[in-house]
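Residue numbers begin at 1 in each chain, while the letters A, B, ... track the order of the sequences. Keep in mind it's a predicted model, so treat the numbers as computed, not measured.
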Amino acid sequence: MGIINVENLKKTYGNVVAVNDISFKIEKGEIFGFLGPNGAGKTSTINMMTGLSRPTEGAITVADIDVVKQTKKAQAIMGIVPDESNLYNEMDGFSNLCFCAALYGMRKKEREGKAYQLLEQFRLNDTGGRPFKAYSKGMRRKLTIAAALIHSPQILFLDEPTTGIDVESAGQIRDLIVRLKAEGTTVFLTTHYIEEAERICDRIAFIAKGRIIATGTVRQLMESVSHGYAVRLVTDKCIGNLSVELQNRFKVSVITSQSDHSLVMQSEQRIPLFPVLKFLHDRKIEVHEARELHPSLEDVFVKLTGIESCLMKKDKEKGDKR
Amino acid sequence: MKSWIAFWNILRKDIKNYYLKPPNISWGIIFPLSWSLMQFIRSPGADMSELLPGLIAMSVLFGTTSMLAVTITFERSGKSFERLLLAPISLSLLVLAKIAGTILFGIFNAFVPIILASFFIDLHAINWQVLLFAILMIAITSALTGLLVAVSAEQVFEAQTLSNFFRFPMLFLCGLFIPISSLPVFLRPVSFCLPLTYGTDILKSTITGDNMLSPLLSFGILLIFAAILFFICRHIINRKWIL
């Protein structure tokens, strides 16, 4: 049993199936990424897991607590950062944190101490007295995360935490997520940034049209689609007809590019690099660069879901502007 | 978990963020004052004690219903209400915390016409315990009516429109301006379905003595109204806002 167990979860809104029979489990102290485009069912899933909406079918447990039947008990051990900052605009940063702490029954001294600590940790201590509405987007996001951490939750749910914020703040948030994992917090992260998921998640689930397409570590996901090996060489001149000779000699397929004098060799077997270099050298062709190619998580995502990652980003940006 | 900490802090936050804002304080004073002056100017020879129950009831009704519906709809549109739904506090406690602020605001409103009246008439004959309890019950039932409006509206302007849809018919049907006995026969049963009718009747019993029902019966009915409205609101929030 993981700390989070989701079984056959389904959510429908009228005739629309937002989440369609998904199951997964998350181990304690793991960063689990939920990756998918807009409308894939990420927020619907997180809302069900945090008790903000009811599943049409299926079961969710967190730390052996049934989220549907004992929602409030489950919420006590969760920290939740929704996709839109939901703090009070008219209150300052410090008061917002203290108020959130009070919702978890923390006493005045305890909540004030924790609020100061979090403001410092998030480098917001200079702006703690400023109204939330006067915060920049990055600062708003950081304070919302701080508010979710005020009661030291066992599990942190982050819905698109770095969307639409500056690079520096996004980096700080990613560093924080990694630190939280080191401290034993389990993190459930939804994102549409493939590179973000690749960089910080222990395991990732690809979700599209309400269904989980694949789950695993980055390596497992890559292995699931990577059949064979590829090597890219950059030469001093175009190899021309030598490509046919290369194909026959080394049993590889060769794709050449005229523009940058490069070629990619692909094979089911590992390609021995030295004989290839010698072969070209003997034919007066100098190799400037040679490297083995691995598929990126983006390639895997595109292959498994059929969704171009650039479209996913554009989709999200449009949503943010709206 | 120490639920009272959450309750007290939600109440304190609402009072500080909404009810203690200068426009609301001035509304809380000016509105009952305007109603009172309007009534005095309209009926110069009238006995002030005859007007007082109506002025108190109106002040509480408008004070409570106008604020709660707007603040909740405002918090919902800004998503901050979601934070309360995600907190480990029961829905009943949340409803109680949200209406507590508006009840206090309604009680504060009620005292504007009372203080004004104290300059013109002798209020010693009033049973203050009965009066306070009547004000409290009017405030509770009105606050819950405001909450019912809030759970039915999506936007702030919708909440305001819906509030007026409830408030104005209520004023004319609860026996404040027109005695219920003078209303058309088909409207009289409607009057008895309104909590304000019973609240006003208790106020009349202690201020002028011309009540229709026993104050004890009216209190009982108001308690039933409060319980029903509370459970309806709680049920709607549970079904409508936790999708």
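Listed options A/Ser95, A/Cys100, A/Ala74 were ranked by heavy-atom pairs under 4.5 angstrom with chain B; first place goes to A/Cys100.
The side chain to side chain donor-acceptor pair (under 3.5 Å) test with A/Asn86 is passed by exactly one of B/Lys79, B/Glu75, B/Arg83: B/Arg83.
For A/Thr144, the parts lying near chain B are the backbone and the side chain together; criterion is any non-hydrogen pair under 4.5 Å.
Taking each heavy atom of A/Leu103 and B/Pro88 in turn, the nearest pair found is O-CD, 3.8 Å. Contact record, A/Phe99 with B/Leu84: CZ-CD2, 3.8 Å, taken as the closest heavy-atom pair. Heavy atoms only, all atoms of each residue included: A/Arg54 and B/Asn238 are closest at NH2-OD1, 2.6 Å.
Residue-environment remark: NZ (A/Lys73) stays at or below the threshold of 12 foreign heavy atoms within 6.0 Å. Within 6.0 Å of CH2 in B/Trp128 there are more than 12 heavy atoms belonging to other residues, nucleotides or ligands. Sparse packing is recorded around CG of B/Leu216, with 12 or fewer heavy atoms of other residues, nucleotides or ligands lying under 6.0 Å away. Other residues, nucleotides and ligands contribute at most 12 non-hydrogen atoms within 6.0 Å of the CZ atom of B/Phe74. When the shell of 6.0 Å around CZ of A/Arg123 is examined, it contains 12 or fewer heavy atoms from other residues, nucleotides or ligands. Atom CZ of B/Phe168 has more than 12 heavy atoms from other residues, nucleotides or ligands within 6.0 Å.
A/Met91 is not listed as a side-chain neighbour of B/Lys16, based on a closest heavy-atom distance of 4.5 Å or more.
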In a table with atom names and distances, give each donor-acceptor pair under 3.5 Å that connects a side chain of residues 108-117 of chain A to protein atoms at least two apart or in another chain.
{"unit_1": "A/Arg111", "atom_1": "NH1", "unit_2": "A/Met106", "atom_2": "O", "d": "2.7"}
{"unit_1": "A/Lys114", "atom_1": "NZ", "unit_2": "A/Leu149", "atom_2": "O", "d": "3.3"}
{"unit_1": "A/Lys114", "atom_1": "NZ", "unit_2": "A/Ser152", "atom_2": "OG", "d": "2.7"}

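How far OG1 of A/Thr71 is from CG of B/Leu85: 11.0 Å, rounded to the nearest 0.5 Å. Summarising the geometry, atom CD belonging to A/Glu84 is positioned 8.0 Å from atom CD belonging to B/Glu82; distances are rounded to the nearest 0.5 Å. Between atom NZ of residue B/Lys13 and atom CD of residue A/Glu90 there is a gap of 7.5 Å, rounded to the nearest 0.5 Å. Atoms CG and OH, from B/Asn9 and A/Tyr104 in turn, are 14.0 Å apart once rounded to the nearest 0.5 Å.
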